[in-house]
Amino acid sequence: MSIAKTYSPAETEEKWYSYWLKHNFFRSVPDDREPYTIVIPPPNVTGVLHMGHMLNNTIQDVLIRRARMKGKNACWVPGTDHASIATEAKVVAMLKERGISKKDLSREDFLKYAWEWKEKYGGIILDQLKKLGASCDWERTKFTMDEDMSESVIDYFVHLHKKGWIYRGIRMVNWDPQGKTAVSDEEVIRKEVNQKLYYINYKVSGEDGHLTIATTRPETIMADAAICINPNDERYTHLHGKKVFIPLINREIPVILDEYVTMDFGTGCLKVTPAHDLNDYELGQKHKLPVIDILNDDATLNEKAQILVGEDRFIARKKIAVLLEEAGALEKTEDYTSQIGYSERTNAAIEPKLSMQWFCKMPELAKPALQYVLNGDVKLIPEKFVNTYRHWMENVRDWNISRQLWWGQQIPAYYLPTGEFVVAKTKEEALTEAQKIDASLTINDLTQDEDVLDTWFSSGLWPISVFDGVRNPDNAEINYYYPTNDLVTAPEILFFWVARMIMSGHELRGQKPFSNVYLTGIVRDKLGRKMSKSLGNSPDPLDLIAQYGADGVRVGMLLCSPAGNDLMFDEKYCKQGSGFANKIWNAFKLVKGWEVDESLTSNNQTAIAWFGSRFNQALTEIEHDFAQYRLSEALMDTYKLVWDDFCAWYLEMVKPAYQQGVEKQKIDAETYQATVAFFEDILKALHPFMPFLTEELWHDELFGTRAEMDCCIVAQLPVNGEVNTQLIAEIEVIKQVVEKIRNTRDTNQLSPKEALPLAIKANSAIDYSGYKTIIKQLGNVNDLSLVNDAVNGASSFIAGTDEFFITLNIAIDVDAERERLQKEKEYLSGFLRSVDAKLNNERFMANAKPEIIDNELKKKADAEAKLKIVEDSLRGLAG
RNA sequence: GGGAGUUUAGCUCAGCUGGUUCAGAGCAUCUGCCUUACAAGCAGAGGGUCACUGGUUCGAACCCAGUAACUCCCA
């Protein structure tokens with residue numbers, strides 16, 4: 001196979017992804033290997049791939065591929081969640097476009113449309129993930145409303161109900177008037193909003209005077225049940241026990257006293273509207289006030305409002321301001337900013353609303369779930385999130401699990417004609433239960449609760465239900481794969497999702513659902529703004545892949561992703577990624593271009609031994625990075641291993657020197673074979689990050705003929721190689737020597753092509769005769785000699801504690817040389833002084849650990865040796 | 001209002017148990033090179049009062065206290 005000038009990702013990616021699929025490399029079934037399991041955070045069926053998914057799934061894929069290459073039975077379970085509110089909203093919108101209204105449909109018909117929608121759009125993200133290279137076991141793809149998954153949800157509900165942890169109650173809920181459902185506290189996004197504060201006069205009953213209240217919601221005055229003042233407020237003592245009239249509708253309401261009212265906010269008179277404000281509701285309960293609900297489910301005013309009936313709340317607000325003005329009841333308005341809640345799903349302003357809901361008691365579930373994290377059974381990465389988690393779990397409130405929707409698992413509660421209810425898995429079982437209450441009941445007497453369960457109630461079971469562990473708690477799969485290993489998700493859903501999985505894991509299996517939770521940051525643009533559709537600052541991930549290749553984008557994502565911190569994404573990182581791919585490609589081209597000449601003998605043993613050691617050392621470092629989930633650093637360590645150590649140093653050491661007139665470079669067999677072997681190891685180390693490029697090169701004929709199943713994706717990572725640390729340390733000195741030779745060339749404005757003679761006066765134990773080849777090749781040195789005395793009149797430098805001399809054809813600039821040496825001398829003397837200061841300090845000698853002192857002594861000796869050399873050189877220069 | 005976090009080079013970030021592997025990496029910048037793998041490259045170079053103030057210590061980017069700015073979560 002001939003090789004193209006640059007790497008072109010597109011066809012490669014398509015080719016190898018299908019190959020992997022065809023050969024079932026992503027497939028996992030239980031066997032006797034150690035399992036390594038990740039369940040995907042199921043994306044919404046409504047979504048399309050965004051940068052957050054890219055980051056999240058790149059990380060998961062790196063982890064899963066690495067585990068696979070370490071010989072584990074790697075299983076990555078993909079799937080989607082049904083996102084009840086968001087999906088229902090989409091379906092309602094779709095129907096509206098077709099001229100169909102949801103309220104004209106039966107539940108059954110509506111669900112048919114919803115499933116149709118899900119089939120059409122629900123798999124988009126998963127398909128897009130394939131472009132990224134995600135090696136999920138697609139045969140395991142799950143959806144939270146699959147029959148078995150839903151059954152698991154119902155089982156869990158029944159289970160919790162039996163324990164008495166699920167109950168019904170009237171509560172003030174966050175009502176989404178657009179979705180026409182309650183949403184949980186966590187699904188409300190608070191935003192600062194500029195509003196107006198309306199000052200409204202209420203006439204005092206039986207007197208001429210009035211009092212003034214301040215409110216942001218004048219349209220709710222018709223629902224007022226009282227006016228509340230602080231009993232300590234001296235301005236209003238005359239109002240104690242009085243009644244006032246609500247303007248426009250002239251309903252009489254009492255003035256009540258409660259210290260709850262802040263005297264210095266507004267006027268100190270608070271209108272109490274129990275039906276439409278959480279705090280007012282509680283105040284109303286305390287003072288036994290009536291609850292007057294003037295809003296419909298869609299937040300239009302109902303007939304209880306008496307006026308503006310049928311108007312939307314916001315339109316009513318504008319209109320009532322005018323009416324109040326006309327009636328002379330509007331004192332003034334002021335600009336005012338406050339926090340308003342918006343539905344995460346529909347972006348409608350949340351309306352506090354009283355309604356009957358299902359709740360799940362949290363304290364009993366939260367307590368053990370907190371322990372898993374506190375005692376380290378479940379590790380949060382980074383650790384800082386433990387505090388946040390604890391704070392939540394210790395202040396947890398009961399969870400509203402019902403949603404007034406159709407798309408989702410319908411609550412398995414069945415009402416008797418009397419209004420009593422039973423909870424059971426099926427209607428038949430419910431009947432049996434119901435008949436215990438009234439033996440004469442038949443199945444037609446039972447009506448199932450209309451509401452569905454919160455989506456998190458089902459995704460909270462995800463790591464168990466994907467292995468059918470709720471319905472069949474002792475099946476082979478759940479026993480093998482559960483607890484899973486790593487979970488990769490966003491901190492915003494630590495409580496929503498992660499905590500609930502830990503709760504259900506403990507409750508159902510007495511076990512944690514996963515050992516490590518890697519929390520990624522939010523992907524922001526380079527200005528630090530969260531990427532969002534509305535801002536239009538998010539690149540299309542698929543465009544990025546088309547432009548930079550999947551490998552390039554994967555590298556780009558990881559380069560800028562410190563664990564748990566937000567990442568400032570910039571396309572330039574992807575560019576760096578694709579540049580890296582190209583570098584590897586070109587290194588490959590070089591090696592591939594070599595022709596072996598069997599008659600040549602190798603003199604690259606040192607280089608080969610060095611890179612072998614360096615490679616093993618780097619593997620250990622990378623392993624260490626992964627153990628701490630420092631993926632960004634693991635990648636950077638790999639990057640530098642390949643680019644610097646392999647390409648810039650090793651290949652330059654061994655590559656056949658340019659020979660005039662020789663068209664093909666020849667190389668000895670030993671070096672060739674070693675280099676090819678190194679390259680193969682490098683492909684393995686790179687594979688988790690750059691699966692496509694590595695797989696492509698893996699199959700090149702350079703490596704001989706490969707069996708069909710011999711693929712990089714299942715190659716085993718090299719382990720436990722030897723590291724010759726002395727050799728590595730000595731090569732570091734050799735690199736310095738080479739750099740200084742190049743520097744000498746640079747400062748004397750000599751061409752790199754001009755070969756130079758080098759004399760070495762070794763003061764250290766390094767045997768330079770073994771490094772001659774390398775120095776000659778990299779430094780373009782034509783004559784290398786080992787000497788015992790300083791060479792006069794030559795340009796010199798020091799590396800380590802050894803001296804080096806280059807005799808130049810041109811006269812060296814003595815003054816410049818002296819200045820350079822003088823500077824070095826000053827630095828060394830200063831350094832020596834600081835070391836001596838420590839060593840002469842009694843308290844240092846008394847307090848510092850012995851190894852620290854040893855180190856200082858070594859530094860002293862080292863500096864003294866160097867200083868002596870510099871001083872000698874200076875003397876030589878003078879003489 | 002309560003809680004948490006962040007602040008190190010122009011940018012994005014490392015810096016573990018306080019001590020020469022301590023001020024580092026990648027990118028960007030500057031200079032010189034189209035050198036037979038790669039200009040998406042090669043060879044060099046510059047760049048930081050470790051947010052600020054004080055304290056502890058023989059010794060502080062690191063520990064403690066306070067201040068400032070930014071971010072997130074909860075109310």
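Remember, predicted model here, so these are calculated numbers, not experimental data. Throughout, a chain's letter reflects where its sequence line sits, starting with A, and its residues are numbered from 1.
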Using a 3.5 Å cut-off on both pairing distances, which stems of three or more Watson-Crick or G-U pairs include RNA chain B? B:1-7 with B:68-74, B:10-13 with B:24-27, B:29-33 with B:41-45, B:51-55 with B:63-67
Take atom [atom1] in [N] and the same atom in [M], then report the distance between them in whole Å.
N: B:C63; M: B:G18; atom1: C1'; answer: 8 Å
N: B:G24; M: B:U67; atom1: P; answer: 33 Å
N: B:G66; M: B:A23; atom1: P; answer: 30 Å
N: B:C34; M: B:G46; atom1: C1'; answer: 25 Å
N: B:A40; M: B:U17; atom1: P; answer: 43 Å
N: B:C62; M: B:G15; atom1: P; answer: 15 Å
N: B:A9; M: B:C22; atom1: C1'; answer: 15 Å
N: B:G54; M: B:A61; atom1: P; answer: 15 Å

Atom [atom1] of [X] and atom [atom2] of [N]: how far apart are they, to the nearest Å?
X: A:Leu635; N: B:A25; atom1: CG; atom2: C1'; answer: 12 Å
X: A:Arg397; N: B:A75; atom1: CZ; atom2: C1'; answer: 9 Å
X: A:Ile667; N: B:A37; atom1: CD1; atom2: P; answer: 11 Å
X: A:Met636; N: B:G15; atom1: CE; atom2: P; answer: 14 Å
X: A:Glu492; N: B:C73; atom1: CD; atom2: P; answer: 8 Å
X: A:Asp644; N: B:C27; atom1: CG; atom2: P; answer: 8 Å

Has A:Lys575 got more than 12 heavy atoms of other residues, nucleotides or ligands less than 6.0 Å from its NZ? no
How about A:Arg397: does its CZ atom have over 12 heavy atoms from other parts shown lying under 6.0 Å from it? no
Between [N] and [X], is there an OP1 or OP2 to side-chain N/O distance shorter than 4.0 Å?
X: A:Lys640; N: B:G26; result: no
X: A:Asn582; N: B:A39; result: no
X: A:Arg630; N: B:G15; result: yes
X: A:Lys583; N: B:C42; result: yes
X: A:Trp643; N: B:C42; result: yes
X: A:Asn279; N: B:A75; result: no
X: A:Tyr573; N: B:C11; result: no

I want to confirm an ordering. Mapping A:Ala648 and A:Trp392 to their closest nucleotides on RNA chain B, which one lands closer to the 5' end? A:Ala648
Name the residue closer to the 5' end of RNA chain B, choosing between A:Gln628 and A:Asn387 according to the nucleotide with the nearest heavy atom. A:Asn387
If you take the centroid of each ring, where Trp contributes its six-membered ring, are A:Phe678 and A:Phe615 closer together than 6.0 Å?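 No: the rings miss the under 6.0 Å criterion.
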Residue set satisfying side chain to side chain donor-acceptor pair (under 3.5 Å) with A:Arg742, at least two apart, ordered chain then number -> none
Any base atoms under 4.0 Å from A:Asn395, or only sugar-phosphate, or nothing? Heavy atoms, all strands.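 The residue A:Asn395 makes no contact with any strand.
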Taking atom types as they are modelled, would you say the side chain of A:Glu652 forms a donor-acceptor pair with the base of B:A43 within the 3.5 Å cutoff?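 By the distance-only test, no, there is no pair.
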Just say parallel, tilted or perpendicular for the rings of A:Trp392 and A:Phe495, cut-offs at 30° and 60°.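 Rings of A:Trp392 and A:Phe495: tilted, as their planes differ by 30° to 60°.
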Going by atom type alone, with no hydrogens or angles, which donor-acceptor pairs under 3.5 Å involve a side-chain atom of residues 825-832 of chain A and a protein atom two or more places apart or on another chain?
| unit_1 | atom_1 | unit_2 | atom_2 | d |
| --- | --- | --- | --- | --- |
| A:Ser829 | OG | A:Lys825 | O | 2.4 |

List, with names and distances, any nitrogen or oxygen atoms from the protein found under 3.5 Å away from nitrogen or oxygen atoms belonging to nucleotides 55-64 of chain B.
| unit_1 | atom_1 | unit_2 | atom_2 | d |
| --- | --- | --- | --- | --- |
| B:C58 | OP1 | A:Arg843 | NE | 3.2 |
| B:C58 | OP1 | A:Arg843 | NH2 | 2.5 |
| B:C58 | OP2 | A:Arg843 | NH2 | 3.1 |
| B:C58 | O2' | A:Asn841 | ND2 | 3.0 |

Identify the pairs formed between an N or O of the protein and an N or O of nucleotides 6-10 of chain B at a distance under 3.5 Å, and give each distance.
none

Could you pull out every donor-acceptor pair under 3.5 Å between side chains of residues 642-656 of chain A and any protein atom, sequence neighbours left out?
| unit_1 | atom_1 | unit_2 | atom_2 | d |
| --- | --- | --- | --- | --- |
| A:Asp645 | OD2 | A:Arg614 | NE | 2.9 |
| A:Asp645 | OD2 | A:Arg614 | NH2 | 3.4 |
| A:Tyr650 | OH | A:Thr675 | OG1 | 2.8 |
| A:Glu652 | OE1 | A:Lys655 | NZ | 3.4 |
| A:Glu652 | OE2 | A:Lys655 | NZ | 3.4 |

